[in-house]
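A quick note: this is a predicted structure, and the numbers were derived from the prediction, not measured.
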Amino acid sequence: MQQEFKAHIENGFSELLENPFLLACSGGVDSAVLAHLCHTLQMHFVLGHCNFQLRGVESDADEAFVLALAQAYGVPCWTTRFDTVGYQKEHALSLQMAARELRYTWFDTVLKRKGLHYVVTAHQADDSLETFLINLSRGTGIEGLMGIPEKRDTIRRPLLAFSRTEILDYAKSQNLDWREDSSNSETKYLRNKIRQEIVPQLKELHPSFLQNFGNTQKHLKQISQITENHKKELENTLFERKQGFVQISIADLSKLNPIKAYLHLLFKEYGFTEWDDVESLLRAMSGKEVRSRTHRLVKDRSTLLLAPIMNQEKHIFHILEHTHLIREPIHLKIETVAEMGNTGKNILYVDKETLKYPVTLRKWKKGDYFYPLGMWGKKKLSKFFKDEKIDVLSKENQWLLCSEDEIVWVIGRRPDERFKVAQDTREILRFETEL
């Protein structure tokens, strides 16, 4: 197995030969074999061990074993202890998910503090099969059927090419020591039940079952890559990127068939899961929306608008009389000028004497009105937005420059007639923003 592992590293994980990495070591046979193989290849690694304090003295003995292993190989070892049960209760997670979150967060911390490049874990081929079966039992898309990825971000899993049997045979042939986790025998956990009861029966069906499964996974990954390429082509065609959001033509989107599958493909990464609701949005009234935990899809006339969910608190920002520059919530430069010069949507000239300080910046609200420059009489801001065909998200993000309750400038769109520079103006203020 040493030669196969060496060739596997050189062909698929050469970055591990060039950069120091953290080897996650539980003390079990898989991580003990991985540590031995990396040591044999003289790779530059340190051991990392998480004590989840779930099995009392057994957990402490695992930690002591990993520390002794690091000493035997002459490499550093970083360990940590977690109140896993407390974290589980605080975050309302399963015990397995709590442990996963804790260890991967800690791995990231160690990488940053110690100047390491990768975390190498000891997941192997049987682990990937078990993950496939778990996801299959719960219902999943093609991603869940691809098992455990060999590489993701800073994570590397070079043992996925080897079976549990191969790893165990190697450990015995090298007279390696390792720790047995007594909880692995408990079938109350789904993964253990699959490992001990289902996988052995599948392997009985066909002696090459695990190898055939690996080949199937390769095909699934190739199909997934084709799908991803198609998705990127669709995004380039359908997604019109605006400032802070994406606009998608409903007419063009509706031409895709099967539509629900395409909606899943295009919007799953934004956290959406209620695909009936997303599909119904195509036929909904303007203003309707569907939200995920992180994003929103809004129906706006003939388009869908995709945007991250922002803090919707209605802040008011005050600008004192002698302020010349503000950077939040928008960039605004203010100066006194002798006369009006260049004009544009991002520039406003006002008669300073018409302002009452402090002037304010705020978002628009229902009932707002102003006197558009060049027009006779007042106009509701909602009617102005409608006439200008301004989309829902742009309306939500619209900032107003106000003097007390009166709108001075619908910033970037239209000034108010009441504050314009006149022939008797004695002091001119120039406001300029970045659009």
Side-chain angles (χ1 to χ4, degrees), residues 1 4-5 8-9 11-13 15-16 21-39 41 43 45-50 52 62 66 69 94-108 110-111 116-136 140 143-171 176 178-181 183-184 189-196 198-199 202-203 209-211 213-218 220-221 224:
M1 184 177 171
E4 290 90 342
F5 183 77
H8 185 54
I9 291 293
N11 293 330
F13 295 86
E15 65 272 23
L16 299 181
F21 57 87
L22 174 71
L23 194 158
C25 187
S26 66
V29 63
D30 297 336
S31 58
V33 165
L34 180 59
H36 184 267
L37 289 167
C38 292
H39 175 68
L41 288 181
M43 301 169 78
F45 68 95
V46 302
L47 294 184
H49 177 79
C50 299
F52 297 103
D62 292 346
V66 175
L69 190 65
S94 68
L95 200 59
Q96 291 81 3
M97 284 304 300
R100 175 183 171 82
E101 285 190 7
L102 286 167
R103 71 172 171 268
Y104 279 105
T105 300
W106 182 70
F107 289 159
D108 287 340
V110 173
L111 291 191
L116 303 172
H117 291 77
Y118 302 101
V119 175
V120 176
T121 72
H123 293 93
Q124 31 82 355
D126 288 74
D127 292 323
S128 193
L129 173 58
E130 292 160 11
T131 298
F132 169 89
L133 293 171
I134 289 171
N135 291 339
L136 184 65
T140 182
E143 298 83 1
L145 299 180
M146 292 191 297
I148 303 172
E150 284 189 325
K151 299 181 181 184
R152 176 173 289 170
D153 300 325
T154 58
I155 306 297
R156 297 293 182 269
R157 301 181 175 104
L159 281 188
L160 282 174
F162 304 92
S163 69
R164 179 172 286 121
T165 299
E166 289 176 295
I167 290 169
L168 189 58
D169 288 346
Y170 178 82
L176 300 183
W178 65 86
R179 295 281 300 168
E180 290 287 356
D181 185 340
S183 66
N184 286 339
Y189 298 117
L190 178 59
R191 181 176 291 275
N192 288 353
K193 191 173 184 66
I194 288 173
R195 177 180 299 168
Q196 296 177 34
I198 297 176
V199 170
L202 292 174
K203 290 180 178 179
F209 185 89
L210 190 60
Q211 181 180 347
F213 166 71
N215 292 332
T216 299
Q217 276 196 312
K218 290 179 182 177
L220 287 172
K221 289 175 182 177
S224 178

How long is the gap from [atom1] on [X] to [atom2] on [Y], to the nearest 0.5 Å?
X: W178; Y: C25; atom1: CH2; atom2: SG; answer: 13.5 Å
X: I167; Y: F162; atom1: CD1; atom2: CZ; answer: 8.0 Å
X: T154; Y: R156; atom1: OG1; atom2: CZ; answer: 7.5 Å
X: F52; Y: R100; atom1: CZ; atom2: CZ; answer: 11.0 Å
X: I194; Y: L129; atom1: CD1; atom2: CG; answer: 8.5 Å
X: I198; Y: L190; atom1: CD1; atom2: CG; answer: 7.5 Å

message: Quick one, I9 with F5, criterion side chain to side chain contact (heavy atoms under 4.5 Å, CB included). Give me CA distance, side-chain angles, the key distance, then yes/no.
response: CA-CA 6 Å; I9 291 293; F5 183 77; 3.7 Å; yes
task: Carefully, step by step, assess L202 and F209 under the rule side chain to side chain contact (heavy atoms under 4.5 Å, CB included).
output: CA-CA 7 Å; L202 292 174; F209 185 89; 3.8 Å; yes
Which heavy atom of [X] sits nearest a heavy atom of [Y], and at what distance?
X: H39; Y: F45; result: N-CE2, 3.6 Å
X: A35; Y: L47; result: CB-CD2, 4.3 Å
X: F21; Y: C38; result: CZ-SG, 4.0 Å
X: F107; Y: A24; result: CZ-CB, 3.5 Å
X: V120; Y: P158; result: CG1-CD, 3.6 Å
X: L23; Y: S31; result: CD2-O, 4.3 Å

message: Less than 4.5 Å apart, side chain to side chain, heavy atoms only: is that true for L37 and V33?
response: yes
message: I want to check something: taking the side chain as every heavy atom from C-beta on, are T121 and I148 in contact at a cut-off of under 4.5 Å?
response: no
task: Check ring pair (Phe, Tyr, Trp, His ring centres under 6.0 Å) between Y118 and all other residues, then give those that pass, not counting sequence neighbours.
output: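 Partners of Y118 by the ring pair (Phe, Tyr, Trp, His ring centres under 6.0 Å) criterion come out as none, since no residue qualifies.
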task: Would you please name every residue forming a ring pair (Phe, Tyr, Trp, His ring centres under 6.0 Å) with H117, sequence neighbours left out?
output: none
Identify, with sequence neighbours excluded, every residue that meets salt bridge (Lys or Arg N to Asp or Glu O under 4.0 Å) alongside [X].
X: E4; value: none
X: K151; value: E15
X: D30; value: none

- prompt: Just by distance, do the side chain of E166 and the backbone of S163 share a donor-acceptor pair under 3.5 Å?
  reply: yes
- prompt: For L159 and H123, what are the C-alpha separation, side-chain angles and deciding distance, and is it a side chain to side chain contact (heavy atoms under 4.5 Å, CB included)?
  reply: CA-CA 6 Å; L159 281 188; H123 293 93; over 6 Å; no
message: Applying side chain to side chain contact (heavy atoms under 4.5 Å, CB included) to L34 and Q124, what does each step give before you reach the verdict?
response: CA-CA 10 Å; L34 180 59; Q124 31 82 355; over 6 Å; no
- request: Answer yes if the side chains of Q217 and S128 hold a donor-acceptor pair under 3.5 Å, and no otherwise.
  value: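 A pair is found: one side chain offers a donor N or O, the other an acceptor, under 3.5 Å apart.
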message: Taking the ring of H36 and the ring of Y170, is the distance between their centroids below 6.0 Å?
response: yes
Residue pairs passing the salt bridge (Lys or Arg N to Asp or Glu O under 4.0 Å) test where at least one lies in residues 122-131, sequence neighbours excluded: D126-R164, D126-K203, D127-R164, D127-R195, E130-R164, E130-R191, E130-R195
